[in-house]
Amino acid sequence: MGGLPADGPVTTLPREFFARPVLDVSRDLLGAHLTHGGVTIRVTETEAYAGHGVDPGSHAFRGETPRTAPMFGPPGVTYVYFTYGMHWMLCLVTGELGTAEAVLVRAGEVVDGHDVAAARRPGIRERDWCRGPARLATTLALDGSHTGRDFCHPPLGPVPSIDLTVATGEPRPDHTIRSGPRVGVSGPGGDGTAYPWRFWTDGEPTVSAYRPGVIRRRSR
């Protein structure tokens, strides 16, 4: 199955869409509509993360932990993680069961639920409501209680579902899509030549600024 349909009504993306290599899904999600907590965004930026032993920039690189367990699950499940002691980030699990691949939804434009979004982001410019993954999660009212949840329909057996919808929206022409190094990833995984796994739509004001990763040394 390929990317977003070129036209027609907005429909929920099936599990088969996510049961593909993470690079394909990450690119094809640009222009998709993501809805949760009374707000709908159009995705403008993503990052791909491969799994165990494959991607040194991935949380799953060294194997499964209680935190990363959702990444090792089936496609169509959320992985919502906490970072820097203050921010939540939303990832959508892709690929086959056990491959631990996931797409980080980095940025988007609010296209519905503006009043709700404004109430959650008081004093923030509309352009910046979802300009970056932490801002995006806040605007969509996502936190750690939403990790490991099935967002595809029909539900995935006993896995608890979440009221989050990823649907077709406005597919991006190939000539408007850019790729480059992932934001804030240090070490080999931050090498933009080996891992140009950040995707964004050219000219979108909601796309976040690039910042290279910094290796943090432990204090003695």
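Its side chain within the 4.5 Å cluster rule, V207 clusters with W200 among the Ile, Leu, Val, Met, Phe, Trp and Tyr residues.
The side chain to side chain contact (heavy atoms under 4.5 Å, CB included) search around P173 returns H175, T176, not counting sequence neighbours. Not a single salt bridge (Lys or Arg N to Asp or Glu O under 4.0 Å) links R211 to another residue, sequence neighbours left out. Here E109 pairs with R42 under the salt bridge (Lys or Arg N to Asp or Glu O under 4.0 Å) rule; sequence neighbours left out. Partners of T139 under the side-chain hydrogen bond (donor to acceptor under 3.5 Å, both in side chains) rule, at least two apart in sequence or in another chain, do not exist in this structure. Applying the side-chain hydrogen bond (donor to acceptor under 3.5 Å, both in side chains) test to H59 and every residue at least two apart in sequence or in another chain returns Y79. Listed by chain and residue number, V110, E126, W129 satisfy the side chain to side chain contact (heavy atoms under 4.5 Å, CB included) test with H114 (two or more places apart in sequence, or in another chain). Legend: residues meeting ring pair (Phe, Tyr, Trp, His ring centres under 6.0 Å) with F199, ordered by chain and number and at least two apart, are absent. The salt bridge (Lys or Arg N to Asp or Glu O under 4.0 Å) check on R106 picks up E45, E47, with sequence neighbours excluded. In this structure, H52 has no side-chain hydrogen bond (donor to acceptor under 3.5 Å, both in side chains) partners at least two apart in sequence or on a different chain. For the side-chain hydrogen bond (donor to acceptor under 3.5 Å, both in side chains) test, no residue two or more places apart in sequence or in another chain qualifies with R67.
Identified under the ring-ring contact (aromatic ring centres under 6.0 Å, His included) test for residues 85-106, with sequence neighbours left out: F82-W88.
A heavy-atom distance below 4.5 Å is not found between the side chains of T68 and Y81.
Looking at D150 and R15, a side-chain N of the basic residue comes within less than 4.0 Å of a carboxylate O on the acidic one, giving a salt bridge.
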